[in-house]
Amino acid sequence: MRVYDTLSGEKRLLETLEPGKIRMYACGVTPYDNSHIGHGRCYVAFDVIYRYLRQSGLQVTYVRNFTDVDDKIINRANERGIAAVDLACENIQSFYRDMDALGIARPDHEPRVSTSMPQIIALVQTLIERGVAYASEGDVYYAVSKFPTYGKLGKRTLDDMQAGARVEVSDKKQHPMDFALWKAAKPGEPAWESPWGKGRPGWHIECSAMSMNALGECLDIHCGGQDLIFPHHENEIAQSEGATGRTFSNHWLHNGFVNVDNEKMSKSLGNFFTIKDVLQRYEPQVLRLFYLSTHYHNPINFSDFALDEAAERVAYFYETLRKLEIFLDQAGSVGAPFGPLPGEAFLNEFEARFREAMDDDFNTVRVLGQLAEAFKLANELLMMRKAKQLPNALAAARQLRDKLTYADEVLQLFGAPPADYLERHKTKAAARRGLSLDWIAEKVGDRLIARSEKNWAEADRVRDELLAAGVVLMDGPQGTDWMVSDVRAGAVEGVAGPDAG
RNA sequence: GGCGGCGUAGCCAAGCGGUAAGGCAGAGGUCUGCAAAACCUCCACUCACCGGUUCAAAUCCGGUCGCCGCCUCCA
């Protein structure tokens with residue numbers, strides 16, 4: 001298994017400190033507001049990694065923290081006139097709703113800063129004892145000049161950084177790049193007793209303290225968003241290695257940003273979306289597929305179009321799954337399969353190919369390519385209705401279903417009951433287009449009457465009317481089904497227009 | 001200014017030394033009252049541009065142009 005490691009700047013073999021075990025830490029959220037789609041991407045990416053490592057037989061201990069003591073929380077709580085802990089709790093619950101919806105497994109440990117003070121204070125003390133930190137007027141700072149490799153993760157030197165000179169200058173600091181491990185209490189802020197007086201932890205120390213507390217001095221994998229490389233993870237390295245003298249983490253994994261209109265999503269730019277915003281309009285599997293459609297390391301561009309594409313793709317998966325389910329249920333007693341199964345080579349190689357892709361830095365995009373073949377095969381099998389083909393088709397379909405289940409242990413895309421999923425999908429897709437289900441049902445009913453009278457002109461007229469609204473009809477033996485297709489309807493409109501394109 | 005990353009078909013996106021996965025859109029076909037869905041076939045002699053290394057480069061090196069990010073809170 002090879003992973004891209006930010007520190008070495010290359011894909012490296014994943015080596016474990018202890019055979020068969022993985023100690024994995026992801027920087028969690030600061031719960032001062034609802035989580036955004038960037039958080040979603042990050043934790044989906046790490047969820048896939050967590051699930052894949054476990055599926056690979058490794059005993060993984062996954063730790064993800066909550067930074068529930070922080071300036072942003074305190075400020076927001078003060079604005080709303082509530083206690084910081086209450087605000088944090090509220091947002092943690094909200095975070096869980098989002099994570100659960102996205103199919104993200106709960107980590108094994110989820111420490112919080114507010115309940116980790118003894119470990120944090122102990123770590124600060126160790127750093128002072130080792131001479132790499134110093135107390136100053138109730139604050140405690142880390143002396144970056146005492147850590148020779150400071151800047152190794154962010155690939156910069158202290159000289160580089162001082163050239164930028166965008167650092168807060170303070171009389172309390174020995175060096176402008178020194179950062180706070182402990183901050184003296186200010187009025188109206190939550191504070192904890194410490195050897196340096198009442199105060200609270202600085203931003204970076206909590207992750208060092210909590211990760212080492214839960215996992216020991218050395219981690220196998222430490223992950224987070226790319227924006228955390230510097231200064232957060234850089235400082236974590238300085239703190240942890242400054243305290244232990246040992247390598248803090250053997251692998252550093254960072255996920256790329258979610259961009260909107262090819263620019264970083266941020267509140268100031270007004271291109272900010274919460275997970276809840278998106279889940280109101282799309283099923284969670286859609287967001288998850290959207291995330292997995294680009295390698296976790298690369299930037300991904302968020303747009304309605306991309307989501308619509310993903311939504312139609314997931315609907316295709318579930319439509320196939322629904323038919324496959326019916327097929328497997330109905331085909332009770334058919335003869336025994338004979339000779340090679342359809343898609344036999346593909347089925348036989350499925351796991352190996354899946355693992356090969358995932359072993360290569362968790363390449364979900366390649367896996368998705370493989371799934372395209374799998375679903376095509378499923379649909380092919382469904383077309384094999386001749387009696388003599390049935391036994392082999394059924395046997396292959398059973399195998400295929402098992403392969404999909406195997407892949408979905410990691411992907412978590414098609415675990416919902418297909419019929420339920422498709423109902424929800426249609427409802428949301430219609431809502432996105434501003435269409436009411438009643439209106440669609442009425443039109444479909446009108447057309448049904450016209451068709452029963454073989455009034456094809458009227459039937460076609462109704463169909464075109466629906467198509468113009470974005471509703472695509474599918475006549476089948478059981479009646480007429482419909483779907484809302486933004487992507488396809490858009491294309492139809494384009495063709496219908498005068499010399500479109 | 002310092003550092004890092006990216007530029008692959010109309011769009012999205014893998015590949016990262018051995019001769020361009022996959023999806024969407026598009027064209028043709030099977031099916032269908034006609035369609036749609038589904039399936040089949042086709043769809044980049046070429047990977048921003050210019051040099052170089054190599055038997056061999058989208059992949060390595062140098063340069064140019066363009067975009068993005070970090071250096072301040074941020075997943």
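Just so you know, these numbers come straight off a predicted model, no measurement behind them. Residue numbering restarts at 1 for every chain, and letters A, B, ... go by the order of the sequence lines.
- Taking the 5.5 Å centre cut-off and the 30° plane limit, the aromatic side chain of A/Trp456 is classed as stacked on B/rG33.
- Taking only side-chain nitrogens and oxygens, A/Asn259 never comes nearer than 4.0 Å to OP1 or OP2 of B/rG69.
- With P as the reference atom, B/rA27 and B/rG18 are 36 Å apart, rounded to whole Å.
- Using a 4.0 Å heavy-atom criterion, one finds that A/Leu473 contacts the bases of the nucleic acid, with or without backbone contacts as well.
- Within the 4.0 angstrom heavy-atom criterion, base atoms lie near A/Phe257.
- Here, B/rG22 and B/rA9 have their C1' atoms 13 Å apart, quoted to the whole Å.
- For the pair A/Lys376 NZ and B/rC24 C1', the interatomic distance rounds to 12 Å; values are reported in whole Å.
- Rounded to an integer number of Å, the gap from A/Glu380 CD to B/rC31 P is 17 Å.
- The existence of a salt bridge linking A/Asp359 and A/Arg366 is excluded, since no basic side-chain nitrogen approaches an acidic carboxylate oxygen closer than 4.0 Å.
- If you check every strand for non-hydrogen atoms under 4.0 Å, A/Lys264 touches a base.
- Distance, A/Leu448 CG to B/rG33 C1': 14 Å, rounded to whole Å.
- For B/rU72 and B/rA20, the P atoms lie 46 Å apart once the distance is rounded to whole Å.
- Distance from the side chain of A/His295 is smallest to B/rA14 among B/rA14, B/rA36, B/rG69.
- Using a 4.0 Å cut-off, some side-chain N or O of A/Tyr316 falls inside it from OP1 or OP2 of B/rC39.
- Evaluation of atom-type donor-acceptor distances gives a pair under 3.5 Å for the side chain of A/Asp460 against the base of B/rG33.
- Contact annotation: side chain of A/His254 to base of B/rA75, donor-acceptor pair absent below 3.5 Å.
- Classification of A/Glu373 and A/Arg353 as a salt-bridged pair holds, one side-chain N sitting under 4.0 Å from a carboxylate O.
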(request) Go through A/Ser145 and A/His175 one step at a time and tell me if the side chain to side chain donor-acceptor pair (under 3.5 Å) criterion holds. (result) CA-CA 8 Å; A/Ser145 51; A/His175 182 111; 4.7 Å; no
(request) List the steps and the verdict of salt bridge (Lys or Arg N to Asp or Glu O under 4.0 Å) for A/Arg313 and A/Glu309. (result) CA-CA 6 Å; A/Arg313 197 65 189 149; A/Glu309 266 201 347; over 6 Å; no
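- We find that CE of A/Met358 is positioned 14 Å from C1' of B/rA14, with the value rounded to whole Å.
- Residue A/Ile300 is the one, among A/Ile300 and A/Thr320, whose nearest nucleotide of RNA chain B lies closer to the 5' end (criterion: closest heavy atom).
- Note on A/Arg447: a base of the nucleic acid sits closer than 4.0 angstrom, heavy atoms only.
- Nucleotides B/rG26 and B/rC60 place their P atoms 36 Å apart, quoted to the nearest Å.
- As rounded to whole Å, 10 Å separates atom P of B/rG69 from atom CG of A/Asn262.
- A close approach under 4.0 Å does occur between a side-chain nitrogen or oxygen of A/Asn379 and OP1 or OP2 of B/rC39.
- For A/Asp308 and A/Arg432, the salt-bridge test passes: some basic side-chain N is under 4.0 Å from an acidic carboxylate O.
- Using a 4.0 Å cut-off between a side-chain N of Lys or Arg and a carboxylate O of Asp or Glu, A/Arg281 and A/Asp304 qualify as a salt bridge.
- No donor-acceptor contact under 3.5 Å links the side chain of A/Arg41 to the base of B/rA75.
- Residue A/Phe230 places its side chain closer to B/rC71 than to any other of B/rG33, B/rG69, B/rC71.
- Within 4.0 Å (heavy atoms only), A/Gly9 reaches no atom of the nucleic acid at all.
- Across the protein-nucleic acid pair, A/Phe302 atom CZ and B/rC68 atom C1' stand 19 Å apart, rounded to whole Å.
- If you check every strand for non-hydrogen atoms under 4.0 Å, A/Ala306 touches nothing.
- Base pairing analysis places B/rG17 opposite nothing; no Watson-Crick or G-U wobble pair with both distances below 3.5 Å involves it.
- Heavy atoms of A/Lys72 sit under 4.0 angstrom from primed sugar atoms or phosphate atoms, though from no base atom.
- Following rounding to the nearest Å, A/Leu466 (CG) and B/rA35 (C1') show an atom-to-atom distance of 13 Å.
- For the C1' atom pair drawn from B/rU32 and B/rC39, the interatomic distance equals 14 Å after rounding to whole Å.
- Of the possible polar contacts, none joining the A/Arg200 side chain to the A/Ser114 backbone as a donor-acceptor pair under 3.5 Å is found.
- Taking atom C1' on both B/rG5 and B/rU41, the two are 39 Å apart, rounded to the nearest angstrom.
- Taking every side-chain heavy atom of A/Thr294 into account, B/rA14 is the closest of B/rA14, B/rA75, B/rC68.
- Among the atoms of the strands shown, base atoms are found under 4.0 Å from some heavy atom of A/Asp475.
- Heavy atoms of A/Gly38 sit under 4.0 angstrom from at least one base atom.
- The base of B/rC24 is not paired with the side chain of A/Arg313 by any donor and acceptor separated by under 3.5 Å.
- No hydrogens or angles were tested; on distance alone, nothing pairs the side chain of A/Asn298 with the base of B/rC6 as donor and acceptor under 3.5 Å.
- Among the nucleotides B/rG4, B/rC70, B/rA36, the one closest to any side-chain atom of A/Lys155 is B/rG4.
- Nucleotides B/rU8 and B/rC71 have their C1' atoms positioned 31 Å apart, rounded to a whole Å.
- The cationic group of A/Arg156 lies under 6.0 Å from the six-membered ring centre of A/Phe230 and within 45° of the ring axis, placing it in a cation-pi geometry.
- When distances are taken from the side chain of A/Pro231 to each of B/rG15, B/rC71, B/rG33, the shortest belongs to B/rC71.
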